[in-house]
Amino acid sequence: MLDIHDIRTSKALVIQRLQKRHFNNAAESVERLLVLDQQRKTAQLSVDSTAAQLNLLTKQIGQLMQQGKREEVALVREQTTTLKIAMKTLVPQLQACEKALQHALYELPNLPNAEVPEGKSSADNELVYQSSQVPINNAAQLPHWELARQYDLVDFELGNKITGAGFPVYKGRGARLQRALVNFFLDEAQHAGYEEIQPPIVVNEASAHGTGQLPDKEGQMYQLKDTTFYLIPTAEVPLTNLYRGDILSQTVLPIKNVAYTPCFRREAGSWGTHVRGLNRLHQFDKVELVQIALPEKSYGALQEMCAYVRYLLEKLELPYRVLKLCGGDLGFTAAFTYDLEVWAVGQQRWLEVSSISNFEAYQTHRMQLRYRDEHHRTQFPHTLNGSALALPRIVAALLENNQTASGIRIPPILHPYTGFKTIA
RNA sequence: GGAGAGGUGGGUGAGUGGCUUAAACCAGCAGUUUGCUAAACUGCCGUGCUCUUUUGUACCGGGGGUUCGAAUCCCCCCCUCUCCGCCA
């Protein structure tokens with residue numbers, strides 16, 4: 001959520017930034033917001049001043065009662081009635097104004113940072129880095145779903161039977177490989193200074209609100225029947241909401257948390273081509289990093305997170321590239337995002353395995369997460385998160401890129417975790 | 001699933017209709033003093049809106065009601081805890 005104060009004071013900049021992400025009717029939305037804000041202010045003032053008069057009279061009555069001046073009490077009571085009647089219309093007016101303003105604020109996405117490249121779609125994202133050796137398919141190299149079947153690592157049909165499409169069953173060395181990756185990612189994150197958290201994978205509405213999944217985007221989440229609980233689409237939701245509503249001491253920043261969780265996504269409407277095998281699932285595993293940082297240090301933290309995820313990919317010996325998302329491709333709540341993609345030789349495709357974003361103060365405004373600065377004032381810290389990493393596509397790339405005539409080679413860094421060096 | 005208790009400021013916890021933003025204690029912050037593995041004393045110490053400030057106003061789980069006036073009385077809802085049952 002954007003800060004209404006900022007919108008008030010730097011309207012032109014807000015509009016310009018919203019246009020950068022190709023947000024429809026940016027100028028109109030902002031103008032409407034300012035009108036709503038003004039209405040809210042006016043309503044607030046009339047409520048407050050009426051309440052002030054009422055409180056004054058009420059106090060008088062108390063005093064007069066003690067002095068036993070009955071007839072004067074009756075007189076003052078008369079006056080309160082008119083004010084009370086006025087309040088009956090003023091208060092709902094104010095509430096309506098507040099609600100309208102709140103809703104309008106929720107509808108505005110975050111402002112892209114100044115460094116975000118111009119562009120409309122994923123085609124306009126800026127290539128920041130690409131591994132020098134990107135293998136070309138030699139026609140004998142299979143996509144991972146073939147390999148998964150050949151070595152009996154993932155059973156998609158069994159998943160269909162138990163649950164449905166997008167819920168694969170990992171078996172034997174496939175399951176072991178998953179667990180190895182989770183442990184590898186968690187161990188590395190700990191070394192990089194992240195505290196491990198095991199959060200609930202079911203969250204309430206307030207949490208879904210805090211990180212921006214609600215309102216309006218409930219289509220991406222599974223809701224538990226007869227409840228207002230949701231299965232998390234990413235550990236970002238419970239991790240960031242750990243601090244919802246808190247006023248932190250500046251000295252605890254930056255907070256660095258990591259969690260492994262399964263993630264659940266309905267992906268309503270996006271089912272179809274290009275989603276074969278492990279490419280897009282309803283349930284998948286992910287290790288997620290979250291940082292809460294001082295505003296002036298958040299972009300340093302973003303660079304640090306990006307460097308860390310690149311380190312992981314290099315340890316896994318996967319060819320990858322780094323993209324800076326353009327304004328039009330940026331997620332609703334993000335101010336700046338790096339996408340990391342690995343090359344899957346069997347499919348001749350780049351697969352997104354990590355998205356590292358700085359949300360600046362957008363989420364902290366929403367969840368009223370603040371810290372106290374050296375002048376004892378409350379300020380909004382920045383939140384960041386990034387996958388480190390999303391499992392299924394890493395598995396897909398490992399299988400495809402490391403396939404040989406004699407089996408699938410496991411990168412050495414994982415050997416202590418898998419207990420095997422090849423899948424043959 | 002059955003029964004009961006309770007939700008007050010960072011924590012503990014007083015407060016049963018006006019003098020309560022709310023006692024007291026702890027924690028925290030600032031300072032003074034002594035000196036030593038800390039203590040004593042003094043002051044400050046909730047958040048939002050309004051906003052240069054003051055003032056004003058709202059908030060004692062949420063919503064509604066009674067009243068000139070509600071943390072306090074009434075109704076509904078939510079949540080937490082305890083005991084029993086079942087159970088990983």
Side-chain angles (χ1 to χ4, degrees), chain A residues 1-10 33-106 198 200-210 214 223-224 226-230 238 241-253 255 292 361 363-381:
Chain A
M1 187 169 79
L2 300 178
D3 190 336
I4 186 67
H5 301 98
D6 296 345
I7 299 176
R8 239 183 262 152
T9 51
S10 37
L33 208 68
L34 290 175
V35 170
L36 288 172
D37 181 44
Q38 195 51 55
Q39 287 174 350
R40 194 209 91 251
K41 232 188 233 186
T42 313
Q44 177 94 53
L45 277 172
S46 19
V47 167
D48 281 2
S49 64
T50 312
Q53 293 177 56
L54 210 45
N55 288 342
L56 204 69
L57 294 176
T58 291
K59 256 187 199 135
Q60 281 179 18
I61 289 175
Q63 287 164 1
L64 291 172
M65 296 270 274
Q66 281 184 339
Q67 295 164 13
K69 299 180 177 170
R70 300 215 154 211
E71 57 290 347
E72 290 183 45
V73 167
L75 226 67
V76 181
R77 264 190 202 171
E78 290 277 311
Q79 297 178 51
T80 63
T81 359
T82 41
L83 289 175
K84 278 176 70 176
I85 291 167
M87 285 293 262
K88 278 220 153 73
T89 54
L90 289 174
V91 169
Q93 268 174 24
L94 173 61
Q95 286 169 342
C97 286
E98 283 173 339
K99 208 170 169 183
L101 178 65
Q102 191 70 13
H103 196 79
L105 278 171
Y106 277 140
Q198 277 194 27
I201 58 173
V202 172
V203 293
N204 59 25
E205 281 182 308
S207 295
H209 240 94
L214 292 179
Q223 183 170 4
L224 298 182
D226 299 330
T227 71
T228 49
F229 291 155
Y230 297 86
N241 275 284
L242 291 178
Y243 309 96
R244 168 158 47 86
D246 287 359
I247 300 178
L248 303 167
S249 155
Q250 184 168 345
T251 54
V252 306
L253 301 176
I255 290 173
I292 299 170
Q363 290 180 327
T364 53
H365 269 102
R366 268 180 102 114
M367 62 174 79
Q368 285 297 299
L369 164 56
R370 288 157 293 175
Y371 71 93
R372 224 178 269 289
D373 67 13
E374 57 269 31
H375 308 297
H376 208 68
R377 302 186 98 116
T378 57
Q379 304 283 356
F380 291 92

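Chain letters run A, B, ... following the sequence lines, proteins first, then strands; residues in each count from 1. Computed from a predicted structure; not experimentally measured.
- Counting all heavy atoms, side chain and backbone alike, A:L253 lies closest to A:P381 at CD1-CB, 4.4 Å.
- Pairing of B:G31, defined by two Watson-Crick or G-U wobble distances under 3.5 Å, is identified with B:C41.
- Between the P atoms of B:C83 and B:C76, the separation comes to 28 Å (whole Å).
- With both pairing distances under 3.5 Å, B:U66 is matched to nothing as a Watson-Crick or G-U wobble pair.
- Note on A:T378: only backbone sugar-phosphate atoms sit closer than 4.0 angstrom, heavy atoms only; bases stay farther off.
- In this structure, the nucleotide among B:U50, B:U57, B:U47 sitting nearest to the side chain of A:D48 is B:U57.
- The partner of B:C81 is B:G4, by the rule that a Watson-Crick or G-U pair needs both atom distances under 3.5 Å.
- With a cut-off of 3.5 Å on both pairing distances, B:U52 has no Watson-Crick or G-U wobble partner at all.
- If you check B:U47, B:U57, B:C68 against the side chain of A:K84, the one that comes closest is B:C68.
- The residue from A:I61, A:L54, A:L57, A:L56 that alone fulfils the side chain to side chain contact (heavy atoms under 4.5 Å, CB included) condition with A:Q79 is A:L57.
- For the pair A:A51 and A:D37, nearest-nucleotide mapping onto RNA chain B gives the more 5' position to A:D37.
- Closest to the A:R40 side chain, of the nucleotides B:U47, B:G56, B:C49, is B:C49.
- Using Watson-Crick or G-U wobble geometry with both donor-acceptor distances under 3.5 Å, B:U12 finds its partner in B:A24.
- The partner of B:A88, taking Watson-Crick or G-U wobble pairs whose two distances both stay under 3.5 Å, does not exist in any strand shown.
- The side chain of A:K41 approaches B:U50 more closely than any other nucleotide in the set B:U50, B:U57, B:C68.
- Side chain to side chain, A:T58 and A:N55 fail the donor-acceptor criterion of an N or O pair below 3.5 Å.
- The nucleotide whose nearest atom lies closest to any side-chain atom of A:R370 is, among B:G18, B:U57, B:U47, B:U47.
- Between A:I247 and A:L45, the residue anchored closer to the 5' end of RNA chain B is A:I247, taking for each the nucleotide with the nearest heavy atom.
- Here the separation of B:C26 from B:G43, taken at their P atoms, is 14 Å to the nearest Å.
- A 3.5 Å limit on both hydrogen-bonding distances identifies B:G46 as the Watson-Crick or G-U partner of B:C59.
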